[in-house]
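First up is the structure itself, then whatever we jot down about it.
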There are 2 protein chains.
Amino acid sequence: MSSLAAIAALIGDPSRAAMLQALLPGEALTAGELARVAGIGAPAASSHLKALVEAGLLRVHAQGRHRYFALGGEEVAAALETLLCLARPAVSVRPPWPHGEAFRTGRLCWHHLAGRLGVALHVRLTGDGWLEPAPGGWATTPRGEARFTELGVDLAAARAAPRFACDCMDWSERRPHLSGGLGREITALLLRRRWLNRIEPRSDEALRRRRLECTPEGRRALAAEFGLAA
Amino acid sequence: MSSLAAIAALIGDPSRAAMLQALLPGEALTAGELARVAGIGAPAASSHLKALVEAGLLRVHAQGRHRYFALGGEEVAAALETLLCLARPAVSVRPPWPHGEAFRTGRLCWHHLAGRLGVALHVRLTGDGWLEPAPGGWATTPRGEARFTELGVDLAAARAAPRFACDCMDWSERRPHLSGGLGREITALLLRRRWLNRIEPRSDEALRRRRLECTPEGRRALAAEFGLAA
DNA sequence: CTGAGGCTTCGGGGCTGGCCGAAACAGGCG
DNA sequence: CGCCTGTTTCGGCCAGCCCCGAAGCCTCAG
């Protein structure tokens with residue numbers, strides 16, 4: 001019995017896939033919320049969630065009478081995004097996503113920046129000498145080290161992550177954006193400085209995907225600090 | 001209906017997963033061979049293959065009374081390898097692969113070099129100034145351009161590929177190896193020069209995975225040309 | 001032209017697995 | 001202490017789909 005089949009079959013059920021997609025932004029959701037997202041009853045959801053946790057695709061965190069579920073790790077998020085890259089062409093005939101275009105400009109993938117903004121940042125950081133290739137991903141250049149510190153990026157926290165900086169394929173842009181501890185810390189900084197703002201989901205959005213937009217100040221700052229035209 | 005679920009469900013059936021894994025090395029196999037690999041009859045295999053082709057996971061090439069099936073593209077190979085990365089930890093308790101260790105040193109992924117050799121080469125090329133980051137992957141530096149040409153790598157053929165050079169996650173090493181046209185051309189050169197040799201599958205191997213090994217001459221040459229210690 | 005081999009389509013059987021309702025368990029709250 | 005809510009377990013129903021056998025189409029060999 002191939003374990004490839006076992007993992008893929010877990011993702012392959014519509015209800016479970018809906019739950020996993022709902023968790024892609026990195027938020028933890030309760031069992032009840034996930035049941036509603038998938039459009040099934042609580043019992044069915046419970047059994048699905050149990051299977052996903054046992055396979056390591058999800059992690060649970062019990063808190064009071066709620067149980068919060070989140071993706072099992074960055075590898076899981078990466079696998080889902082890679083599969084979405086395969087899935088997209090098939091749907092592109094009809095509107096590719098209920099809230100399609102809005103997602104492409106900026107959103108959170110796991111805990112790091114994705115969409116056009118994320119890809120543009122990746123191009124800048126790797127092309128302008130902030131980062132240089134390293135085994136398994138990217139390392140800071142001396143220049144990047146200085147610039148990140150100056151900006152207030154917590155490099156120590158970034159280095160404490162399992163991976164410092166690596167590529168994560170962006171399902172809407174089909175080009176990599178920055179993942180790993182550095183991706184997370186940069187994104188945290190951009191949100192802290194209000195250069196990016198979260199867009200609250202509309203009431204008709206079943207999934208709580210976290211879209212992001214540039215503030216006017218952020219637009220100026222990103223141009224000045226990173227040379228982003230966006 | 002989530003298209004993520006549809007794609008994953010296709011990979012999630014044990015018979016189809018076995019076929020896809022058999023095609024991972026990049027070889028094209030006939031419908032009958034794939035039926036044997038999956039351990040099912042010809043009618044069942046035919047219906048599976050039809051579904052996989054319709055979804056774009058496979059391509060067909062009819063030739064005489066045979067129909068040759070191959071993976072639909074590098075994205076498909078990448079998705080399968082990413083999923084295998086997720087699947088591996090679960091199996092690592094028991095022998096992770098029927099022919100585990102032998103696969104780790106060198107093998108073909110799609111048409112490019114994977115395993116320890118592939119990862120080591122990736123580290124060298126990206127770390128020693130042969131390649132530099134470029135949007136969506138890697139580009140040759142002037143020095144790399146000269147060295148590749150000198151070695152006899154067909155850069156024109158590599159540039160004709162949909163992607164010139166990009167990362168492909170290695171499921172056994174969990175670090176990227178070189179994919180895209182350049183990865184294919186380099187691998188072709190290494191085989192042509194007999195620096196790498198294919199190891200013929202043993203008769204008890206159901207899957208025709210293409211393992212690779214260094215020849216003694218190849219070991220010297222790789223050390224001299226690329227600085228590989230392997 | 002005829003036979004053989006590879007592949008596909010069709011029809012039917014069997015079984016896995018996803019869903020729901022009812023009931024039980026657990027934690028918070030008045 | 002009792003109620004409410006969130007979650008899990010159990011039993012049973014049903015659909016989907018995975019498989020095989022039989023039959024037909026196409027290609028190649030002699």
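So that the names make sense, note that chain A is the first sequence line, chain B the second, and so on, each numbered from 1. As the structure is a prediction and not an experimental result, all values here were calculated from the model.
Taking atom CE of residue A:Met19 and atom P of nucleotide D:dT7, one finds them 11 Å apart after rounding to whole Å. For the pair B:His66 NE2 and C:dA4 C1', the interatomic distance rounds to 12 Å; values are reported in whole Å. Atom CG of B:Leu49 and atom P of C:dT8 are 7 Å apart (whole Å). Rounded to whole Å, the distance from NZ on A:Lys50 to C1' on D:dC10 is 12 Å. A straight line from CZ of A:Arg65 to P of C:dC29 spans 6 Å, rounded to a whole angstrom. For the pair A:Asp13 CG and D:dC17 C1', the computed distance is 14 Å after rounding to whole Å. Rounded to an integer number of Å, the gap from B:Tyr68 OH to C:dC7 P is 9 Å. Taking atom CG of residue B:Leu10 and atom C1' of nucleotide D:dG16, one finds them 14 Å apart after rounding to whole Å.
Taking for each of A:Pro43 and A:Ala9 the nucleotide of DNA chain C with the nearest heavy atom, the 5'-most of the two is the partner of A:Ala9.
A:His48 and A:Arg16 form a side-chain donor-acceptor contact under 3.5 Å, judged by distance and modelled atom types alone.
The A:Ile40 side chain lies nearest to C:dC19 when the options are C:dC19, C:dG21, D:dC20. Of the candidates D:dT27, C:dC20, D:dT7, C:dC20 carries the atom nearest the A:Ala44 side chain, counting heavy atoms from C-beta on. Closest contact between the side chain of A:Ser46 and the listed nucleotides D:dC18, D:dT9, C:dG6 involves D:dT9. Residue A:Phe69 places its side chain closer to D:dT8 than to any other of D:dT8, C:dG6, C:dG27.
The residue B:Ser15 sits close only to the backbone: its heavy atoms come under 4.0 Å of sugar-phosphate atoms, none of a base. Within the nucleic acid shown, A:Ala42 comes within 4.0 Å of at least one base atom, counting heavy atoms only.
Distances shown here put a side-chain N or O of A:His48 below 4.0 Å from the OP1 or OP2 atom of C:dC19. Using a 4.0 Å cut-off, no side-chain N or O of B:Arg67 falls inside it from OP1 or OP2 of D:dC26.
For the pair A:Val60/A:Leu49, no side-chain contact is recorded, criterion being any heavy-atom separation below 4.5 Å from C-beta on.
For CZ of B:Arg59, the number of neighbouring non-hydrogen atoms (other residues, nucleotides, ligands) closer than 6.0 Å is 12 at most.
If you run side-chain contact (heavy atoms from CB on, under 4.5 Å) between A:Met19 and each of A:Leu58, A:Leu57, A:Asp13, A:Ile40, only A:Ile40 comes through.
Aromatic ring orientation, B:His122 versus B:Trp138: perpendicular (interplanar angle above 60°, classes split at 30° and 60°).
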